[in-house]
Structures are given as structure tokens and as C-alpha cells.
Amino acid sequence: MKLPSELVQPLNEQLNRELYAQYLYLTMASYFLEQDYRGFGAFFLKQSREEGAHAMRLFHYLMERSIPFHPLPIEIPPKNYDSPLACFKAAHEYEQKVTLSYYNLLKRARDIGEYDLEEFLYWYIREQREEEALMHTWMEKLNKVKDDIAAILFLDKEAGEAAEKEE
Ligand code: FEO
């Protein structure tokens, strides 16, 4: 069944948001790695790879349903943050924004009776819940330790071990 034309651009924009997330997390990884926070760096490298996989999943959906792919410009992410906490806060905010965009897309698919797209999008809704929770957990940990550098280094190590374990 052909996808209604009014959903073509929103789906392409969603793919672009995933590509931006990949680029954003790669930039965040560089923010940490350049300061020798290897654990947080590994964490964001892993998140960046996951976002790339999200984008590919959308791309394959477009191809499977003969929906045209529209290349769109990818915004340049910020490079610097005031602190590790500020960086995780920004990541959490972006995930919330992406979740909202999936809700909007899902609503449009449902209103139009696009049940295949609706079913496809539920995977992303679940994934967003996990990612928001993950960013929130790290944000809270960093919030608790404030400027205690020894504690931040301990969390950096923990983040690295967690990223390695989940590979
Ligand atoms: Fe795939 Fe977290 O956006």
C-alpha cells in the first residue's frame, strides 16, 4: 500500500533527526575524549553508533515501502559544554525532543489509518523510553557528585565499563 504523500517529508525529517543524533553524540564523545574522559567518551561513541542504526532502520523502511529518500542538511552540533553534567543534560533534552517528534508522527499515522507505519513506529517509542531513562540516570549521578573530580572520574570509569559490557 502506498504511503500517503503528506507523510513522506515527516518520515525523511525523522531520519534526519536520527542522523543528527548520531552526529551530536559523536561530537559529545569528542568533548569527553579530548579531556581524557575515556569512559564517557566510549559511552557516547556507543550511543552514536546506536543512533546511526536507528537512521538505517528508517532508511530501510523507506526503501521497503518505495518511499522516496530526501537528503536533508545535518545541523552542526555544539562542540563545548560547561561540564559533563551539562553535556548529559543536553543529550537528555535532545532525546525528549526526539520522543515528542515520534509521538507526533505516530499520531499522524494513526489519524490517517497508516497501520503499518504505526506498528513500525512503536519500536522507536520503546527505544526512546530506554534512551531517555539512560540519559536521565547519568544526569542524576553527575548531579549528585557536583564538582567532586574524584567522583566524576569514578563515574567516567563506570560509564566506560558499562559501554564495554553492552557491546
Ligand atoms: Fe534514535 Fe535516541 O533517537
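Order of listing sets the numbers, starting from 1, for every ligand and every atom in it.
Restricting Glu95 to its N/O/S atoms, the shortest distance to atom 2 (Fe) of ligand 1 is reached by OE1. Within Glu51, the N, O or S atom at minimum distance from atom 1 (Fe) of ligand 1 carries the name OE1. His54 has its closest N, O or S atom to atom 1 (Fe) of ligand 1 at the position named ND1. Minimum-distance N/O/S atom of Glu18 relative to atom 1 (Fe) of ligand 1: OE1.
Under the 3.5 Å distance criterion, the side-chain polar atoms of Ser48 are left unmatched by any main-chain donor or acceptor of Phe44.
Among the backbone and side-chain atoms of Glu131, an N, O or S atom lies under 2.8 Å from atom 2 (Fe) of ligand 1. Residue Glu50 does not count as close to atom 2 (Fe) of ligand 1, with no N, O or S atom under 2.8 Å.
In this structure, a donor-acceptor pair under 3.5 Å is present between the side chains of Tyr61 and Arg65. Glu51 and His54 share a donor-acceptor pair across their side chains, judged by distance under 3.5 Å alone.
In summary, Glu50 and Lys46 engage in a salt bridge, as defined by a charged side-chain N under 4.0 Å from a carboxylate O. By the 4.0 Å N-to-carboxylate-O rule, Lys97 lies too far from Glu93 to be salt-bridged with it.
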